[in-house]
Amino acid sequence: MEIQKPRGTRDFLPEEMAKRRSIENKLRETATRWGYGEIKTPTFEHIELFTLKSGEGIIGEIYNFKDKGDREIALRPELTAPVVRMYVEELQRSAKPLKFFYFDNCFRYERPQKGRFREFFQFGVEIIGSARPESDAEVIALAVEMLNSAGLKGDLHVGNLGIIRSLFKDILPEHQGKIMRLVDKKDDKGLEEFLETINAPSGMRGKLFRLIGLRGENAVHEARELVGDIEPVSQFEELLSLLDVYGVEYQVDFGIARGLDYYTGMVFEIYCEGLGAQNQVCGGGAYRLAALFGGEDTPSTGYAIGFDRIMEICEAKPESSERIVVISFDDTRKEAIVIAKKLRENVSTYLDVMGRKFKDQISYANTIGASHVVIAGKNELDAGKVSLKDMKTGKQELVTVEEVIKKVKAVFP
RNA sequence: GCCUGGGUGGGGUAGCUGGUCAUCCUAUGGGACUGUGGAUCCUACGACCCGGGUUCGAAUCCCGGCCCGGGCCCCA
């Protein structure tokens with residue numbers, strides 16, 4: 001039996017890589033234009049980084065191992081924790097806000113299915129040092145813009161955990177988590193049953209259900225009536241007005257809980273069609289993790305785009321480009337190398353390395369979809385030129401190597 | 001971890017109510033055609049996911065594993 005790739009991993013062939021790179025570059029360009037700087041963190045970290053953030057329970061879904069120095073190491077399952085670790089470790093004294101983006105692979109030991117792999121790629125953004133609605137709004141707008149740049153239009157839901165949490169004052173912390181989980185799942189029946197079991201105050205129950213059901217124009221006003229005129233409501237209101245300025249379409253959704261305790265205020269998710277059960281392509285929010293990793297308490301906001309998921313649904317537009325094949329004969333092979341070398345300074349050039357005969361070389365050029373063929377034969381070389389053949393039109397002309405470059409570049413600038 | 005469908009040359013397939021050299025297409029290497037491409041022909045290469053079991057005999061039936069797809073749990 002031949003060796004196969006490990007479960008949940010993938011090989012990417014040239015055609016697909018071209019597509020992935022093209023989208024990746026669009027995301028990268030967008031982030032750069034918004035003033036974010038690219039960073040890179042290690043592929044593996046001490047496992048504590050992730051257990052601190054998410055609890056011991058996540059070890060079951062982490063690729064971890066002991067290294068030769070007996071350290072417990074984890075392949076990163078996500079990138080927010082490493083970025084915050086990096087911040088705490090070496091950037092706490094730098095000018096705020098810090099604006100970063102990253103694109104890297106992550107690893108999770110989970111059951112693979114559509115849009116879900118054991119090695120997957122995340123494109124993320126973090127802004128560190130601001131807790132203001134302005135940064136929340138910018139981050140959301142950037143997320144939307146990035147997806148647009150990839151040709152995608154998602155369904156944006158925005159919520160605020162501070163508002164929903166304000167209802168939980170009298171609830172045990174361990175029960176709060178469970179409630180948030182049920183809210184996030186939109187499992188109303190389960191939520192009702194659970195609230196019954198823990199004998200939650202009936203006033204709070206009613207408010208909770210009304211809150212998570214709020215949608216549309218008046219959602220914020222109604223939320224204020226439910227929870228009072230508290231800070232998170234005003235912040236949220238401000239955020240929405242800023243999103244309007246950005247021209248971002250959104251849906252207020254207090255049902256977004258994102259399960260995690262360290263999210264503090266704004267949370268958002270973006271969904272796209274065509275992905276089956278894994279329809280969330282982007283998720284994020286405002287959080288506080290720096291203190292957890294031993295730094296000063298610092299507000300941050302960020303999100304991650306599931307790169308593999310957007311690749312599933314975004315239209316492939318393979319940018320056509322030139323592809324030149326230099327064809328030679330047994331008596332001009334070496335000259336062809338010199339010509340190819342010259343061409344390669346400017347255009348993508350292929351040269352036969354199979355010792356093929358003329359006809360087979362041109363046939364191969366056709367097979368790989370060459371745009372042009374440069375024929376370097378004795379006749380041409382004697383005249384100090386080559387024949388340039390356009391594979392589309394079939395037309396052929398006698399030109400110099402410099403003219404080849406010029407003519408090809410005219411077609412593929 | 002659970003439920004469900006599926007694994008036959010590189011890709012796509014037939015066979016799968018057990019029994020001839022496992023079918024066909026395509027791709028790939030070489031050749032026919034001695035400097036002009038998608039054609040044709042010849043030739044080479046190449047598969048029953050792995051391991052057990054039932055049987056005189058298994059690609060075919062049974063069990064386990066691995067892998068792929070879909071769903072659940074989870075989703076940092």
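Proteins get letters first, then strands, A, B, ... in listed order; numbering begins at 1 in each.
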Original post:
Has A:R10 got its NZ or CZ under 6.0 Å from the middle of the six-membered ring of A:F117, at an angle within 45 degrees of the ring axis?
Top reply: yes

Subject >> Spacing between A:D11 atom CG and B:rG10 atom P, to the nearest angstrom >> reply: 15 Å

**OP:** Would you kindly give the CZ-to-P distance between A:F358 and B:rG37, to the nearest whole Å?
**Re:** 8 Å

Original post:
Can you check the A:Y262 OH to B:rC75 C1' distance for me, whole Å?
Top reply: 11 Å

Original post:
Between A:N366 (CG) and B:rA27 (P), how many Å, whole number?
Top reply: 12 Å

Original post:
Just checking A:G394: base, sugar-phosphate only, or nothing, at a heavy-atom cut-off of under 4.0 Å?
Top reply: base

Original post:
What does A:T367 touch in the nucleic acid at a heavy-atom separation under 4.0 angstrom: a base, only the sugar-phosphate, or nothing?
Top reply: sugar-phosphate

Original post:
From the list B:rG37, B:rG35, B:rC74, which nucleotide is the closest neighbour of the side chain of A:K359?
Top reply: B:rG37

Subject >> Spacing of A:D360 atom CG relative to B:rU28 atom C1', expressed in whole Å >> reply: 13 Å

Original post:
What's the CD-P distance between A:Q4 and B:rG10, to the nearest Å?
Top reply: 12 Å

Original post:
P atom, B:rC67 versus B:rG57: distance in rounded Å?
Top reply: 32 Å

**OP:** Could you state the atom-to-atom distance from CD of A:E56 to P of B:rA76 in whole Å?
**Re:** 18 Å

**OP:** Determine the Euclidean distance between corresponding C1' atoms of B:rG9 and B:rA44; express it in Å to zero decimal places.
**Re:** 14 Å

**OP:** With heavy atoms under 4.0 Å as the rule, sort A:Q280 into base, sugar-phosphate or nothing.
**Re:** nothing

Report, one pair per line, the protein and nucleotides 68-71 of chain B atoms (nitrogen or oxygen only) whose separation is under 3.5 Å.
residue: B:rC68; atom: OP1; partner: A:G8; partner atom: N; Å: 2.8
residue: B:rC68; atom: OP2; partner: A:R7; partner atom: NE; Å: 2.7
residue: B:rG70; atom: OP2; partner: A:K114; partner atom: N; Å: 2.6
residue: B:rG70; atom: O6; partner: A:R111; partner atom: NH2; Å: 2.8
residue: B:rG71; atom: OP1; partner: A:A277; partner atom: N; Å: 3.1

Original post:
Under the 6.0 Å and 45° cation-pi test, does A:R20 pair with A:F12?
Top reply: yes

Original post:
Using atom C1' of each nucleotide, how far apart are B:rU55 and B:rU60 to the nearest Å?
Top reply: 13 Å

Original post:
Considering residues at least two apart in sequence or located in another chain, which fulfil the salt bridge (Lys or Arg N to Asp or Glu O under 4.0 Å) criterion with A:R71?
Top reply: A:D67

**OP:** Report which part of the nucleic acid A:E380 touches: base, sugar-phosphate, or nothing (heavy-atom distance under 4.0 Å, all strands).
**Re:** base

Original post:
Given B:rC74, B:rG29, B:rC75, which nucleotide is nearest the side-chain atoms of A:M354?
Top reply: B:rG29

Original post:
Any chance the side chains of A:Y36 and A:E138 put a donor and an acceptor closer than 3.5 Å?
Top reply: yes

Original post:
How far, in whole Å, is B:rG12 from B:rC74 if one measures between their C1' atoms?
Top reply: 36 Å

Original post:
So which nucleotide from B:rC66, B:rA76, B:rC73 ends up closest to the side chain of A:K53?
Top reply: B:rA76

Subject >> Distance in Å, A:I337 CD1 paired with A:S328 OG, rounded so as to fall on 0.5 Å steps >> reply: 8.0 Å

Original post:
So which one's nearest nucleotide on RNA chain B is more toward 5', A:T393 or A:I58?
Top reply: A:T393

Original post:
So, is the end of the A:R118 side chain (NZ or CZ) under 6.0 Å from the ring centre of A:Y109 and within 45° of the ring's axis?
Top reply: yes

Original post:
Looking at B:rG1, does its base get a donor-acceptor pair with the side chain of A:E110 below 3.5 Å?
Top reply: no

**OP:** Could you work out the separation of B:rU26 and B:rG38 based on their C1' atoms and round it to a whole Å?
**Re:** 15 Å

**OP:** Sequence neighbours left out, what passes ring pair (Phe, Tyr, Trp, His ring centres under 6.0 Å) with A:F121? Give chain and number order.
**Re:** A:F103

Subject >> C1'-based separation of B:rC68 from B:rC61 [nearest Å] >> reply: 23 Å

Subject >> Nucleotide of B:rA76, B:rU28, B:rU36 approaching A:I375 most closely (side-chain heavy atoms) >> reply: B:rU36

Original post:
B:rG1 pairs with which nucleotide, Watson-Crick or G-U wobble, both distances below 3.5 Å?
Top reply: B:rC72

Original post:
Which base, if any, makes a Watson-Crick or G-U wobble pair with B:rU13, both distances under 3.5 Å?
Top reply: none

Subject >> side chain to side chain donor-acceptor pair (under 3.5 Å) evaluation trace for A:T32 with A:E29 >> reply: CA-CA 5 Å; A:T32 305; A:E29 273 170 32; over 6 Å; no

Original post:
So what does A:R76 hit on the nucleic acid, given a heavy-atom distance under 4.0 Å: a base, only sugar-phosphate, or nothing?
Top reply: nothing

**OP:** Find the distance A:K392:NZ to B:rG38:C1' and express it as a whole number of Å.
**Re:** 14 Å

**OP:** Would you tell me if any nitrogen or oxygen in the side chain of A:R116 comes within less than 4.0 Å of OP1 or OP2 on B:rC74?
**Re:** no

Original post:
Testing A:E110, A:E312, A:E61 for salt bridge (Lys or Arg N to Asp or Glu O under 4.0 Å) with A:R116, which one passes?
Top reply: A:E110

Subject >> Span that lies between the C1' atom of B:rU23 and that of B:rU13, in whole angstrom >> reply: 9 Å

Original post:
Out of B:rU36, B:rC73, B:rC67, which has the shortest distance to the side chain of A:K185?
Top reply: B:rC73

Original post:
Using the C1' atom in both, what is the distance from B:rU28 to B:rG70, to the nearest Å?
Top reply: 34 Å

Subject >> Donor/acceptor link under 3.5 angstrom from A:Q361 side chain onto base of B:rU36 >> reply: no

Original post:
Would you call A:K66 and A:I73 a side-chain contact if the rule is heavy atoms closer than 4.5 Å?
Top reply: no

